[in-house]
Protein chains: 2
Amino acid sequence: MYVRCFKCPLRVQRAFTPKTEEEVAVIDRLKSDHLRIPAGSDFINPEQADAELYTVFSGWAFRFKELDDGRRQILNFALPGDLIGLQASLLDKSLYGAVALTDVELCVIPRRKLYSLFKSAPEVAYDVTWLGSQEHAIVDDNLLTAGRRNAAERICALIAALYRRAETLDMVSNGVLDFPLTQQHIADALGLSLVHTNKTIARLKAQGLFSLSDGKLSLVNPRAVGRLAQHFEKDPAPRPIL
Amino acid sequence: MYVRCFKCPLRVQRAFTPKTEEEVAVIDRLKSDHLRIPAGSDFINPEQADAELYTVFSGWAFRFKELDDGRRQILNFALPGDLIGLQASLLDKSLYGAVALTDVELCVIPRRKLYSLFKSAPEVAYDVTWLGSQEHAIVDDNLLTAGRRNAAERICALIAALYRRAETLDMVSNGVLDFPLTQQHIADALGLSLVHTNKTIARLKAQGLFSLSDGKLSLVNPRAVGRLAQHFEKDPAPRPIL
DNA sequence: CGCACTCTTGAAATCAGTCAATCCTTGTGG
DNA sequence: CCACAAGGATTGACTGATTTCAAGAGTGCG
């Protein structure tokens, strides 16, 4: 079930800027494979030298780093349309790992073709850079969260940001989002322990901020969540997609 | 005292990959100004819509984000040769501020020229992307630090990383580095309070890990610092510079 | 001299981490 | 159908790291 870019159902969504036929043709030639990765398995290893560049086609994934003794920090989550592996492709060595959170489909862009892409299709290269910066902005935000917010604020910030991003991809229906993170993932993303994460989530749910069970998230009181999170982002403008 | 790129004393240092004459000419035409910013003043405001792209020519700078109530997180420090403002240039709105830590000289690259740069000088555009990824990798690291290391580890990780980067720029002489961060900066970069930062630094100094006073840093026991920091980086390969 | 900035120090308060069980659901094998 | 294992969520009690509050000391500067 290989998906050709000119038949890609993702790129026509409202979240993405339309591309010309020629650009899509370039991207289609660029794409070397369409992978299916089962939930829980990794597709970039820390230390890996030859990691490719991926666009998430469907499902959720995340990047992480860890210390010797196993302490793990999730750096950011990737949703459909997001790029994963630009650093690893450019820097000749991955400094992080990437894991499929749900079953995931990935479009593969061979790292070897990246440099020539800058020569042959500058508009597409510009989009690559743009998407890299976008991810960078998210990590910046996550650093602010881990460094300066308390537990309740961290959880609201994470939930608000993911909910918002999912919304633009029409992944929210009737106010409910399929939310595949376990509490362990949330803890790892926020720099908290599992136990403290659990207790804080319980308190926030009891306060009626949001509901989350059986992998279904909905914001019961979006205002209050947004206030705690100090989540300022307005509706994100359409963005490029490869 | 405008510095033309073909006379740039920075780009000839061993830390940077040499460029062809044509490339330097392109960069020289790209450069629109050479700014001097006094220590402590900011050159990118959070929320600023028209931030330019800068290369640090001399001195130290940093990027930061803050919350409503003033809690501030430093995202990363920039040394000579580092790029600042790529996100802000690309994303039409800065989501962070940038401040001169010491007196700083900046090479200005107008954001307006960025897109056309991708068409006219793909090798240079590639370097821009590369440098963006490089900064991204540093922020990833800082997120791991803020999320998962304890106070002593955080301080060692920061010191080790900055010392190492400064070393490659020949800013370390006789084992001593001019280190312009106040303890408040260190605290803001690591997600710690000032008081706890102070006490932890005092303890580490007493243990003979490093010395730091009057803005002079030296690693008394580099091994121990590296071990606590779990700082794996080997000698960084030469990198591009604009 | 007085002000501003940075660094220090002590004590009290609190947030978050660790340890240790228990519960629940789901899937598997007998 | 039942026993059992595995993964995730939950809870209580305790410990400890880090923050907050408050005060003081050293230095450079107008």
Side-chain angles (χ1 to χ4, degrees), chain A residues 38-41 60 67 69-74 99-102 145-159 178-207 210-217 228, chain B residues 38-41 67 69-74 99-103 145-159 178-207 210-217 228:
Chain A
S41 57
W60 298 53
L67 297 173
D69 54 9
R71 284 176 286 178
R72 180 175 78 160
Q73 178 66 38
I74 290 179
V99 178
L101 183 58
T102 63
T145 294
R148 289 296 163 206
R149 291 193 235 244
N150 64 32
E153 293 169 335
R154 292 185 205 193
I155 288 166
C156 287
L158 177 66
I159 281 180
D178 275 300
F179 194 77
L181 315 211
T182 66
Q183 294 189 348
Q184 184 67 64
H185 291 121
I186 297 175
D188 285 351
L190 297 177
L192 295 170
S193 71
L194 175 60
V195 173
H196 195 54
T197 299
N198 177 284
K199 288 176 179 167
T200 307
I201 287 177
R203 184 160 47 80
L204 294 172
K205 290 201 285 195
Q207 290 171 354
F210 57 82
S211 73
L212 173 57
S213 59
D214 299 319
K216 306 285 183 190
L217 168 69
L228 249 188
Chain B
S41 57
L67 298 173
D69 54 11
R71 283 175 287 178
R72 181 175 79 160
Q73 177 66 38
I74 290 179
V99 177
L101 183 57
T102 64
D103 288 347
T145 294
R148 290 294 162 212
R149 294 195 232 243
N150 64 31
E153 293 168 336
R154 291 184 205 193
I155 287 167
C156 288
L158 178 66
I159 281 180
D178 275 300
F179 193 76
L181 314 211
T182 66
Q183 294 189 350
Q184 184 68 65
H185 291 122
I186 298 175
D188 285 351
L190 298 177
L192 296 171
S193 70
L194 174 61
V195 172
H196 195 53
T197 300
N198 178 283
K199 288 176 179 168
T200 307
I201 288 177
R203 183 160 48 80
L204 294 173
K205 289 202 285 194
Q207 291 172 352
F210 57 84
S211 74
L212 173 56
S213 57
D214 299 318
K216 307 283 183 192
L217 168 69
L228 249 188

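In what follows, chains are A, B, ... by sequence order, proteins preceding strands, each numbered from 1.
Regarding D188(A), its CG atom lies at a distance of 14 Å from the C1' atom of dG8(D), rounded to whole Å. A straight line from CG of D214(B) to C1' of dT8(C) spans 15 Å, rounded to a whole angstrom. Taking atom CG of L212(A) as the reference point, atom C1' of dT10(D) lies 14 Å away to the nearest angstrom. What separates CG of L181(B) from C1' of dT6(C) is a distance of 14 Å, to the nearest Å. Between the P atom of dA9(D) and the NE2 atom of H196(A) lies a distance of 17 Å, rounded to the nearest Å. Distance I186(A) CD1 to dA9(D) C1': 11 Å, rounded to the nearest Å. When rounded to the nearest whole Å, the span between NE2 of H185(B) and P of dT6(C) equals 7 Å. We find that CG of L101(B) is positioned 16 Å from P of dC5(C), with the value rounded to whole Å.
Toward the 5' end of DNA chain D, the nearer of the two residues K205(A) and R148(A), judged by each one's closest nucleotide, is K205(A). Nearest-nucleotide positions on DNA chain C for I201(B) and V195(A) put I201(B) closer to the 5' end.
Of the candidate nucleotides dT8(C), dG17(C), dT11(D), dT11(D) has the atom lying nearest to any side-chain atom of A202(A). Distance from the side chain of S193(B) is smallest for dT20(D) among the nucleotides dT10(D), dT8(C), dT20(D). Among the nucleotides dA13(D), dA16(C), dA9(D), the one closest to any side-chain atom of K199(A) is dA13(D).
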Filtered N/O pairs between nucleotides 28-30 of chain D and protein, under 3.5 Å:
none

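In terms of heavy-atom proximity, P180(B) sits nearest to D178(B) at CD-O, 3.4 Å. Considering all non-hydrogen atoms of both residues, A39(B) and D103(B) come closest at N-OD1, 2.7 Å.
Atom CG of D69(B) is surrounded by more than 12 heavy atoms from other residues, nucleotides or ligands within 6.0 Å.
At distances below 3.5 Å, not a single donor-acceptor pair connects side-chain atoms of D188(B) with backbone N or O atoms of Q73(B). Between the side chain of R148(B) and the main chain of L192(A), a donor-acceptor pair closer than 3.5 Å is present. Side-chain atoms of T102(A) come within 3.5 Å of backbone atoms of W60(A) as a donor-acceptor pair (strictly under, hydrogens ignored).
Within the structure, a side-chain polar atom (N or O) of N198(A) is placed less than 4.0 Å from OP1 or OP2 of dT10(D). Residue Q183(A) places at least one side-chain N or O under 4.0 Å from the OP1 or OP2 atom of dT10(D).
G191(A) comes within 4.0 angstrom of the backbone, heavy atoms only, and of no base. Across all strands, L192(B) comes closer than 4.0 Å only to sugar-phosphate atoms, never to a base (heavy-atom distances).
Residues passing the side-chain contact (heavy atoms from CB on, under 4.5 Å) test with E153(A) are R149(A), N150(A), L228(A), R71(B), sequence neighbours excluded.
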